[in-house]
Amino acid sequence: MSKNVLIVATTEGFMIKGLETKLKGIGAESVYAHPNLKDIGDKCQNAATIIVFTDDKVGEMADALVYLKDYCSGNAMQLFVIGKKEEYEVLKDYLPERLVQQFYERPLDMDLFITDMENVMEDEMKIARRRTILIVDDDVSYMSMIMDWLKDTYRISMANSGMEAITWLAKNKADLILLDYEMPITTGPQVLEMLRSDPDMEKIPVMFLTGKGDKESVMKVLSLKPAGYLLKTVEKKELRDTLANFFASEAGSV
């Protein structure tokens, strides 16, 4: 877990203050955000972990929860929820359970929660040293599958359009981009051309991961010098081996 933790709750009451104090005791700096788009949008950028504290007004958090769903999906965030079971059921209408690392029922066992946070912090420190891969594809289901294949070895972020990828890269660094060929509005080759024309992004390695296997499509992007060209029929082991070999060769060339 990063030392920066965002706590989202309708009010910064006694319970939230207690959480902040306990987190500070294990070296985590926490920031409170009201569940509105501006407050969360301004503050979530610097947090690697988000804690959502629900109450009987959870239904009024709908817009904020949808925002967190999109943000966490694209940035592989650690997200935890504290609340009552009935509140959690409402929350899942807006924030899929697959994105929730752990749900803690109130009244909260604070000692258990803080112990878990210490363990998460240790794991996140290890993850922070991993290579970062950005997956760019308009097929969210396929991206999610690839993320599941790779998340135990790499730090994974996702973007479901070319422009979303460019926006993400303006604020973050990637060691490799896995790029789809056919996407609406901005295609994979167009994204690669944009990257190659930007001094801050031109050296980021890009591998195509696509269903376009015809000779014409492959030849079209060879002049842009992608790091690889893989078909979406690739199996999990082959993809993992290809990436491991790529990063090993990168390390060897330094």
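Given the structure is predicted, the values throughout are model-derived calculations rather than measurements.
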Modelled atom types, side-chain donor and acceptor of R130 and T153, under 3.5 Å: no
Please name the pair of heavy atoms, one in L79 and one in C72, separated by the smallest distance, quoted to 0.1 Å. CD1-SG, 3.5 Å
Output all residues satisfying side-chain contact (heavy atoms from CB on, under 4.5 Å) with D109, sequence neighbours left out; order by chain, then residue number. D111, L112
Please list, chain by chain and in numerical order, all residues satisfying side-chain contact (heavy atoms from CB on, under 4.5 Å) with D63, sequence neighbours excluded. L37
Using side-chain heavy atoms (C-beta onward) and a distance below 4.5 Å, is I50 in contact with V8? yes
From L195, L209, I133, residue fulfilling side chain to side chain contact (heavy atoms under 4.5 Å, CB included) relative to I177: L195
Here the pair of heavy atoms bringing A33 nearest to L6 is CB-CD1, 3.6 Å
Under the rule for side-chain contact (heavy atoms from CB on, under 4.5 Å), what residues qualify as partners of D139, not counting sequence neighbours? D137, S141, Y142
Would you say the side chain of T49 lies within less than 4.5 Å of the side chain of F80, judging by non-hydrogen atoms? yes
Would you check if V191 and V136 make a side-chain contact, meaning some heavy-atom pair closer than 4.5 Å? no
Contacts of type side-chain contact (heavy atoms from CB on, under 4.5 Å), residue T167, not counting sequence neighbours: none
Using a 3.5 Å distance criterion without hydrogens, assess whether the side chain of Q190 forms a donor-acceptor pair with backbone atoms of T187. yes
Just jot down the salt bridge (charged side-chain N to carboxylate O under 4.0 Å, His left out) partners of D148, sequence neighbours excluded, or say none. K151
Check the orientation of F247 and Y154. Use parallel for under 30°, tilted for 30 to 60°, and perpendicular for over 60°. tilted
How would you list all residue pairs meeting ring pair (Phe, Tyr, Trp, His ring centres under 6.0 Å) that involve residues 83-103, not counting sequence neighbours? Y88-F103
Got V31 and V5 here, is their nearest side-chain heavy-atom distance under 4.5 Å? no
State yes or no: do M194 and I185 share one hydrophobic cluster built from I, L, V, M, F, W and Y residues joined by side-chain heavy-atom distances below 4.5 Å, directly or via other members? no
side-chain hydrogen bond (donor to acceptor under 3.5 Å, both in side chains): pairs with one or both residues in residues 193-204, sequence neighbours excluded: none
Evaluation steps, side chain to side chain contact (heavy atoms under 4.5 Å, CB included), between E235 and L239: CA-CA 6 Å; E235 297 289 337; L239 177 60; over 6 Å; no
Do T10 and P35 make a side-chain contact, defined as non-hydrogen atoms from C-beta onward lying under 4.5 Å apart? yes
If you take all heavy atoms of I135 and M143, which pair is closest and at what distance? O-SD, 3.4 Å
Could you measure the distance from the OG atom of S144 to the CZ atom of R98? Nearest 0.5 Å is fine. 5.0 Å
Side-chain contact test, heavy atoms from C-beta onward, threshold under 4.5 Å: evaluate it for I40 versus N36 and give yes or no. no
Out of curiosity, E118 CD to L23 CG, how far, rounded to the nearest 0.5 Å? 10.0 Å
Measure the spacing between CD of Q101 and CG of L99 and express it to the nearest 0.5 Å. 10.5 Å
Going through the checks in order, is the side chain to side chain contact (heavy atoms under 4.5 Å, CB included) test met by L176 and R131? CA-CA 8 Å; L176 176 67; R131 301 277 194 167; over 6 Å; no
Show every ring pair (Phe, Tyr, Trp, His ring centres under 6.0 Å) that has at least one partner inside residues 223-243, sequence neighbours left out. F208-Y229
Measure the shortest side-chain to side-chain distance between M15 and L108 over non-hydrogen atoms and say whether it is less than 4.5 angstrom. yes
What pair of heavy atoms forms the shortest contact from G41 to Y67, and how long is it? CA-OH, 3.5 Å
To check you understand the geometry: which heavy-atom pair defines the closest contact between L134 and A174, and what is its length? CB-CB, 4.3 Å
Quick check for you: to the nearest 0.5 Å, what is the distance between W149 atom CH2 and M145 atom CE? 4.0 Å
Under 4.5 Å between side-chain heavy atoms, hopping through other hydrophobics if needed: is there a path connecting L192 to L222? yes
Quick one: list whatever passes salt bridge (charged side-chain N to carboxylate O under 4.0 Å, His left out) with K85, sequence neighbours left out. none
Side-chain heavy-atom pair K173, T132 within 4.5 angstrom cut-off: no
Any chance you could measure M110, atom CE, to M117, atom CE, to the nearest 0.5 Å? 11.0 Å
Using side chain to side chain donor-acceptor pair (under 3.5 Å) as the criterion, list what pairs up with Q102, not counting sequence neighbours. none
Side-chain donor/acceptor of D39 to backbone N/O of H34, under 3.5 Å: yes
Run the numbers on F53 and I16 for side chain to side chain contact (heavy atoms under 4.5 Å, CB included), then give the verdict. CA-CA 8 Å; F53 189 92; I16 303 305; 3.7 Å; yes
With N172 via side chain to side chain donor-acceptor pair (under 3.5 Å) - residues at least two apart: none
Of the options E87, K84, E86, which is the one that meets T54 in a side chain to side chain donor-acceptor pair (under 3.5 Å)? E87
Side-chain donor or acceptor of T242 paired with backbone N/O of E238 under 3.5 Å: yes
Short side-chain to backbone donor-acceptor contact, Y181 and P189, under 3.5 Å: no
Mind checking the CE-CG spacing from M61 to L95? Nearest 0.5 Å is all I need. 9.5 Å
What residue pairs, at least two apart or across chains, pass side-chain hydrogen bond (donor to acceptor under 3.5 Å, both in side chains) with a residue in residues 12-27? none
Between R155 and D175 (salt bridge meaning N to carboxylate O under 4.0 Å), is one present in this structure? no
For Y32 and A9, work out which heavy atoms get closest and say how close. OH-O, 2.8 Å
